[in-house]
Amino acid sequence: MDFDLVVRNGTVVTASDIWESCDIGVKEGTIVAVGPRLPAAPGAQEIDAEGAFITPGGVDAHVHLSQFYEATVGVDIDRSIITNGAIPDPENFVGDTFDTGTRSAVAGGTTTIITFASQMRKDESIITVIEDYHKLAKDQSYCDYAFHVIITNPTPQIVEDEFPRMVDEFGITSVKLYMTYKPLRLLDYQILDVMYSARKLGITTMVHAENADVIDWMTQHLEQKLMTHPYHHGTSRPPIVEAEATNRVICLAELMDTPILLVHISGGPATKHIRDAQTRLLPIYGETCPQYMFLLADSMRKGHFEGAKCVCSPPIREDKADQDAMWAGVKNGTFTIVSSDHAPSKFNHPNGKQRGLKDGNLPYGKFRLIPNGLPGVETRVPLLFSGGVLSGRISPQKFVEVTSTNPAKLYGLKKKGSIAPGFDADLVIWYPQAKFQSFKLTNEMLHHAVDYTPFEGIEFKNWPRYTIIRGKVVFSHGDVVGEMEYGQYIPREKSLLPGPRDVWLSEWRP
Ligand code: DUC
Ligand code: ZN
Ligand code: ZN
Ligand code: ZN
């Protein structure tokens, strides 16, 4: 057959199957054949997988690029000064823009990201926000990309008039909302406004579930006791804070009969609420992240301010039982997806200030002033492969399911997330295991624009050898060889996973 590319002799993994000695035939960026010894016409590019694993390109459904992070800091900010289109002060942005963030993505086997177009100003049209982010991303992305919209002010104009346009004109079928952070959070009343419209339109609502008042109260009392070291970021929001908000928003979603995804779940108690809801067949989905599977808070105690490198929300937990609950939740299906929540800022700012260390009076800073979020778009897939599959904790199929297939299905990326005819030829070819020399990660090996990784020193037993997007090699043997203009915007369909059940509480029916 006349293929453009044939990948030969791989161990091809999908979310359900493994085929050894398998070839993949690609024509015009699409997979057209999968099977043994595919006959290829001369002229086709050939890549020998040498028996190594071939997995679908990673789909990272939770990535922040070019996003103003000041709002995650515990101070009131004047949101009217913020615009998404222009970067007033790079220090106030997440560490990565589209070029560096997506370069990092492909170097770690991720071929599609879903990143956030974030409504910042109180009165801002989300159509303008989406257009602004399109400008930021256009010709600046090494990988394919799609958008979620963050809603911080769900006016009737937005939920009634702009949501339908968001779905129909832009192919955006998911929104994220926050239950915490003063400048971002929605009250329960507003969450219902979003859900009511989301249900009608087939939108999936992503929720950052933490109880804002508890966090504020705890933070204030910790500051009075001078417990302001970065480590105490976790003290200010123990697992029950996440569990309460998770349970509350599940109740709201049940009332509205609408699918939600609980983003970046970190603790066992919240996981249990999600599991219980799923057992009752509610369309409740869960996401966790590698930082909650691989890190524990103890490492944050070191140094005066070093712990700031691991400040994210929800926090990295101190109890191993929470970490174990993340792995159990991945294995038993409670977590539909594992995403990076890549939301970094530099540890050492160009202006000499350290990450959030804005109060020079305290040698260990104030955790309240540290922007929340970590880099991780490059390490997600290799961590799950090395620390999950090769360490015997999850099967190859489960790895594919949570890093690629499910995020594609959940968010309506119809041609992403599998290796089968008709799908985009987005592939990761790994090293043959016998040929791979394990190594310990250092930040210099990574391709983001951030000056640290929270996963420094972790051992990797494999790493993507080739990353291929729509039939084109974009990363090979440690080098990014793709071009920044190559990544395409992917308009999305509605979720392919189960949605509303048409079951109502009391006489309420919309
Ligand atoms: N939530 C995110 O999703 N990312 C970074 C910070 C946060 O709180
Ligand atoms: Zn969040
Ligand atoms: Zn302390
Ligand atoms: Zn996030």
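Indexing begins at 1, ligand by ligand and atom by atom, following the structure's order.
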Side-chain donor-acceptor pair under 3.5 Å between [X] and [Y], yes or no?
X	Y	result
Ser339	Asp341	no
Glu287	His264	no
Ser340	Asp60	yes
Tyr231	Asp298	no

Numbering the atoms of ligand 1 from 1, which are under 4.0 Å from a heavy atom of [X]?
X	answer
His208	1 (N), 7 (C), 8 (O)
Asn372	5 (C), 6 (C)
Ala343	5 (C)
His264	1 (N), 2 (C), 3 (O)
His62	2 (C), 3 (O)
Asp341	2 (C), 3 (O), 4 (N), 5 (C)

**Intermediate values then yes/no, ring pair (Phe, Tyr, Trp, His ring centres under 6.0 Å), Phe116 and His62** = CA-CA 8 Å; Phe116 294 92; His62 190 152; 5.0 Å; yes

**Asked** What do you reckon, does Val263 put a non-hydrogen atom under 4.0 Å from ligand 1?
**Response**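 Outside the 4.0 Å threshold, so no.
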
**Asked** Any N/O/S of His64 under 2.8 Å from the Zn ion (ligand 4)?
**Response**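 Yes, within the cut-off.
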
**Prompt:** Checking Lys200 against Tyr196: charged group under 6.0 Å from the ring centre and within 45 degrees of the axis?
**Reply:**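 That pair qualifies as a cation-pi contact.
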
**Asked** Should the pair Lys138 and Tyr489 be classed as cation-pi, given the thresholds of under 6.0 Å to the six-membered ring centre and 45° from the axis?
**Response**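 Output no; distance or angle outside limits.
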
**Closest Asp341 atom to the Zn ion (ligand 4) [N, O or S only]** =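 Relative to the Zn ion (ligand 4), the closest nitrogen, oxygen or sulfur of Asp341 carries the name OD1.
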
**Asked** Should one rank Lys176, Met206, Glu287 by closest heavy-atom distance to atom 3 (O) of ligand 1, which comes out on top?
**Response**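 It is Lys176 that holds the nearest heavy atom.
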
**Message:** Nearest 10°: the angle subtended at the Zn ion (ligand 2) by Lys176 NZ and His208 ND1?
**Reply:**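 NZ of Lys176, the Zn ion (ligand 2) and ND1 of His208 span an angle of about 130°.
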
**Message:** Any salt bridge linking Arg185 with Asp213? Criterion: basic side-chain nitrogen under 4.0 Å from a carboxylate oxygen.
**Reply:**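 Salt bridge flag = yes for Asp213 with Arg185.
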
